[in-house]
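Treat the numbers as computed from the prediction; the structure is a model and nothing was measured.
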Amino acid sequence: LEKREMAAALEKKQQEEAATRTEEHNLNNAPSAPGVSTMKVGELKKELEARGIATGAFLEKREMAEALEKKQQEEEATARIKQTTATPATTTTAIPMEERNLNKNEPLPDVSSMRVSALKKELEARGITTEAFLEKSEMAAALEKKKQEEATARI
């Protein structure tokens, strides 16, 4: 079971990396934004200033068009990143304690001394996704909280 989970996580990570490489390739090889090359100098200045770019340093229309195209590409990339990070984390299906051959009454070792992989395993077995945790201390705190909830529920 653990090997399947690890394989699935590895596959997901590889897919995400491939998508990122594709986005970077598309961004680097993107054609000029439509309309920028046909805009008048006044329109370019207005668009640049609306995006917080000072226009006094530009000497040629071409420079303004390039700056606007670059800014638009940055904005598109930022929007894609926000969409990616706004996607809710997928949940893992928790395996009931009984099926894991674990005894709920059996105490876990001190969570601060557990390895990250063991913390993840215990959290996921209790129905808590671990994708949002960045630090081991966050996982340990979540597991401690869940253990306390389980102890309270038994009383």
Side-chain angles (χ1 to χ4, degrees), residues 1-95 100 108-150 152:
L1 180 63
E2 186 176 328
K3 287 181 182 178
R4 279 187 273 153
E5 290 173 352
M6 288 174 33
L10 179 62
E11 183 179 339
K12 181 179 177 183
K13 182 175 176 139
Q14 289 172 340
Q15 289 172 346
E16 289 171 355
E17 289 172 351
T20 301
R21 283 192 302 273
T22 300
E23 285 179 16
E24 289 173 354
H25 174 77
N26 291 343
L27 183 61
N28 292 335
N29 297 317
S32 297
V36 172
S37 60
T38 61
M39 293 174 84
K40 295 182 179 181
V41 172
E43 294 170 324
L44 288 168
K45 281 184 177 182
K46 185 177 177 182
E47 285 295 320
L48 288 166
E49 289 170 354
R51 287 173 166 81
I53 300 173
T55 60
F58 297 113
L59 300 176
E60 296 183 17
K61 176 183 174 183
R62 177 188 50 79
E63 293 173 330
M64 285 188 256
E66 289 172 357
L68 181 57
E69 288 174 349
K70 181 179 178 183
K71 185 65 175 178
Q72 287 175 335
Q73 288 175 346
E74 290 172 2
E75 290 169 350
E76 290 170 8
T78 302
R80 281 194 296 273
I81 290 170
K82 286 181 180 178
Q83 283 179 331
T84 303
T85 56
T87 305
T90 57
T91 57
T92 57
T93 305
I95 302 166
R100 293 187 321 129
L108 285 173
D110 176 34
V111 294
S112 62
S113 66
M114 293 174 70
R115 293 182 180 262
V116 171
S117 60
L119 287 168
K120 284 183 177 182
K121 189 175 182 180
E122 289 298 327
L123 286 166
E124 289 174 355
R126 288 172 166 78
I128 300 173
T129 61
T130 59
E131 293 176 0
F133 297 117
L134 300 176
E135 299 287 331
K136 177 183 176 182
S137 60
E138 294 171 340
M139 285 187 259
L143 184 55
E144 279 292 342
K145 181 179 178 185
K146 186 66 174 178
K147 283 173 48 179
Q148 290 173 355
E149 290 171 4
E150 289 172 353
T152 304

Rounded to the nearest 0.5 Å, what separates atom [atom1] in [X] from atom [atom2] in [Y]?
X      : Y      : atom1 : atom2 : answer
Leu119 : Thr130 : CG    : OG1   : 10.0 Å
Lys136 : Ser117 : NZ    : OG    : 9.5 Å
Glu69  : Glu66  : CD    : CD    : 7.0 Å
Gln15  : Lys12  : CD    : NZ    : 9.5 Å
Glu76  : Glu74  : CD    : CD    : 10.5 Å
Met64  : Lys40  : CE    : NZ    : 14.0 Å

Is any side-chain heavy atom of Met139 closer than 4.5 Å to a side-chain heavy atom of Leu143? no
Can you tell if the side chain of Leu44 reaches within under 4.5 Å of the side chain of Phe58, non-hydrogen atoms only? no
Counting neighbours of NZ on Lys145 that are heavy atoms of other residues, nucleotides or ligands and sit closer than 6.0 Å, is the number greater than 12? no
One thing to verify: whether [Y] and [X] come together as a salt bridge, which I'm taking to mean a side-chain N less than 4.0 angstrom from a carboxylate O.
X      : Y      : answer
Glu150 : Lys146 : no
Glu122 : Arg126 : yes
Glu5   : Lys120 : no

Tell me if a side-chain donor or acceptor on Glu43 pairs with a main-chain N or O of Met39 at a distance below 3.5 Å.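 No, Glu43 side chain to Met39 backbone: no donor-acceptor pair under 3.5 Å.
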